[in-house]
Novice: 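Sending over a structure as structure tokens; questions will come in a sec.
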Amino acid sequence: MTTIAIDSSAVPAWDGDVARARDVQVELAGRVSLRDGFDKSLRTIAGFDVGFEEDGAITRAAAVLLDARTMQPLESHVARIDTVMPYIPGLLSFRELPALLRALTLLGTTPDMVFVDGHGIAHPRRLGIAAHFGVATGLPSIGVAKKILVGTASEPHQVRGAYVPLRHKGEQIGWLLRSKPKCNPLIVSPGHRVAMASAADLVMRYVTTYRLPEPTRLADRLASRRDAGKA
DNA sequence: GCGACAG
DNA sequence: ATCTTGTCGC
């Protein structure tokens, strides 16, 4: 088990107050660092994603630790908890973060960089689940989403690795990255301790022949119950 | 007021 | 996210 200090104050219990939750997001967004604050020579990275069981009553979070050099999975874990609240656009992290943090504690090694399925700062109040995850754990994080929540962008070229900025209210909040030709682009945004200029490159480093980068792709497979097994 | 809306 | 087989296109 890792001994990562999770900031409980950054993960308030859901009390049904939407307006209040949004205020909390604005405050937590103020703690996000958009400068590279990680070891240049990454040793281990991790992917996180969430799925549901029992008609949504159970939230299932998957955490996969990989060797940053070989991209080979070193550990895979699944955490199940009772679902805490329904899905509300813009408040995704309040619903899924508790399970993700539980999965994080199952890792035997603290990852140097975390990739979360969802947005980083590409969010109405700049606190998508990846950013929230970073602030709550202090770990460098990046958001890898499949669809835009807010903002507009042009179409990135069809070549693998092409990317264009995603903007919202006059500022850049992320990138549209063509990880694979003829596939819809990924929406990549910094979570915490990662610079905008580094985000797309960091994700592309772990893309092989699939649309999703290995960390998120493997976690996705574990989170959705269509998994073949372990090792 | 009318849509849009990560997973 | 989830319910679900085959099928069209590269």
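Here the structure is a predicted model, which is why all the values come from computation and not from measurement.
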Novice: Tell me which pairs pass salt bridge (Lys or Arg N to Asp or Glu O under 4.0 Å) where either residue lies in residues 82-100 of chain A, with sequence neighbours left out.
Specialist: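 Matches after skipping sequence neighbours: none remain.
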Novice: With heavy atoms under 4.0 Å as the rule, sort A/Ile148 into base, sugar-phosphate or nothing.
Specialist: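 Sugar-phosphate contact only.
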Novice: Over all strands shown, is A/Gly90 touching base, sugar-phosphate only, or nothing at heavy-atom distances under 4.0 angstrom?
Specialist: base
Novice: Once pairs are restricted to Watson-Crick or G-U wobble with both distances under 3.5 Å, how does DNA chain B read as a dot-bracket string, [ ] for crossings and | for other-strand pairs?
Specialist: .......
Novice: Quick check on the 6.0 Å ring-centre criterion: do A/Phe133 and A/Phe48 meet it?
Specialist: yes
Novice: When you measure from the side chain of A/Ser224 to the backbone of A/Asp220, do you find a donor-acceptor pair of N or O atoms at a distance under 3.5 Å?
Specialist: yes
Novice: Could you provide the dot-bracket string of DNA chain C, using ( ) for intrastrand pairs, [ ] for crossing pairs and | for bases paired to another strand, with Watson-Crick or G-U pairs below 3.5 Å?
Specialist: ..........
Novice: With sequence neighbours left out, which residue pairs that include part of residues 37-47 of chain A fulfil the side-chain hydrogen bond (donor to acceptor under 3.5 Å, both in side chains) condition?
Specialist: A/Asp39-A/Ser41
Novice: Select base, sugar-phosphate, or nothing to describe what A/Phe52 touches, counting heavy atoms under 4.0 Å on all strands.
Specialist: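 Here A/Phe52 touches the backbone only, sparing every base.
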Novice: To the nearest angstrom, how far is A/Arg95 atom CZ from C/dT2 atom C1'?
Specialist: 11 Å
Novice: Provide the full list of side-chain hydrogen bond (donor to acceptor under 3.5 Å, both in side chains) pairs with a residue in residues 180-193 of chain A, sequence neighbours left out, each pair given once.
Specialist: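 Of all non-adjacent pairs touching residues 180-193 of chain A, none passes side-chain hydrogen bond (donor to acceptor under 3.5 Å, both in side chains).
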Novice: Could you tell me the separation between the CG atom of A/Leu100 and the P atom of C/dA1, rounded to a whole number of Å?
Specialist: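 Between P of C/dA1 and CG of A/Leu100: 13 Å.
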Novice: So does A/Gly174 get a backbone contact from the side chain of A/Gln172, meaning a donor-acceptor N/O pair under 3.5 Å?
Specialist: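 Checked: pair present.
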Novice: Going 5' to 3' along DNA chain B, which nucleotides are the first and last within contact of chain A (any atom under 4.0 Å from a heavy atom)?
Specialist: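 Boundary nucleotides touching chain A, in 5' to 3' order, are B/dC5 to B/dG7.
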Novice: Under 3.5 Å, which donor-acceptor pairs link side chains of residues 11-18 of chain A to any protein atom two or more places apart or in another chain?
Specialist:
| unit_1 | atom_1 | unit_2 | atom_2 | d |
| --- | --- | --- | --- | --- |
| A/Asp15 | OD1 | A/Asp17 | N | 2.9 |
| A/Asp17 | OD1 | A/Ala19 | N | 3.3 |
| A/Asp17 | OD1 | A/Arg20 | N | 3.0 |

Novice: Once side-chain hydrogen bond (donor to acceptor under 3.5 Å, both in side chains) is applied, do any residues pair with A/Glu53, and if so which ones, sequence neighbours excluded?
Specialist: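 A/Glu53 satisfies side-chain hydrogen bond (donor to acceptor under 3.5 Å, both in side chains) with A/Arg60, A/Arg80 only.
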Novice: Donor-acceptor pairs under 3.5 angstrom involving side-chain atoms of residues 23-37 of chain A: please list them, not counting sequence neighbours.
Specialist:
| unit_1 | atom_1 | unit_2 | atom_2 | d |
| --- | --- | --- | --- | --- |
| A/Gln25 | OE1 | A/Arg125 | NE | 2.6 |
| A/Gln25 | OE1 | A/Arg125 | NH2 | 2.8 |
| A/Gln25 | NE2 | A/Gly90 | O | 2.8 |
| A/Glu27 | OE2 | A/Arg31 | NH2 | 3.0 |
| A/Arg31 | NH1 | A/Asp7 | OD2 | 3.1 |
| A/Ser33 | OG | A/Arg35 | N | 3.4 |
| A/Asp36 | OD1 | A/Ala195 | N | 2.9 |
| A/Asp36 | OD1 | A/Ser198 | OG | 3.0 |
| A/Asp36 | OD2 | A/Ser198 | OG | 2.7 |

Novice: Going by atom types alone, do A/Thr105 and A/Arg102 pair a side-chain donor with an acceptor below 3.5 Å?
Specialist: yes
Novice: Along nucleotides 4-10 of chain C, 5' to 3', which nucleotides get a B, which get an S, and which get a -, given that the test is a protein heavy-atom distance under 4.0 Å?
Specialist: ------S
Novice: Given 3.5 Å as the limit, does a donor-acceptor pair link the side chain of A/Ser179 with the main chain of A/Arg211, or not?
Specialist: yes
Novice: Sorted by first residue and then second, give each side-chain hydrogen bond (donor to acceptor under 3.5 Å, both in side chains) pair with at least one member in residues 158-170 of chain A; sequence neighbours left out.
Specialist: none
Novice: According to the side-chain hydrogen bond (donor to acceptor under 3.5 Å, both in side chains) rule, which pairs have a member within residues 61-70 of chain A, sequence neighbours left out?
Specialist: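 Listed by first then second residue: nothing to list.
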Novice: What does A/Asp49 touch in the nucleic acid at a heavy-atom separation under 4.0 angstrom: a base, only the sugar-phosphate, or nothing?
Specialist: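 Result for A/Asp49 = sugar-phosphate.
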Novice: Categorize A/Leu127 for me: base, sugar-phosphate, or nothing, with a 4.0 angstrom heavy-atom threshold over every strand shown.
Specialist: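 Result for A/Leu127 = nothing.
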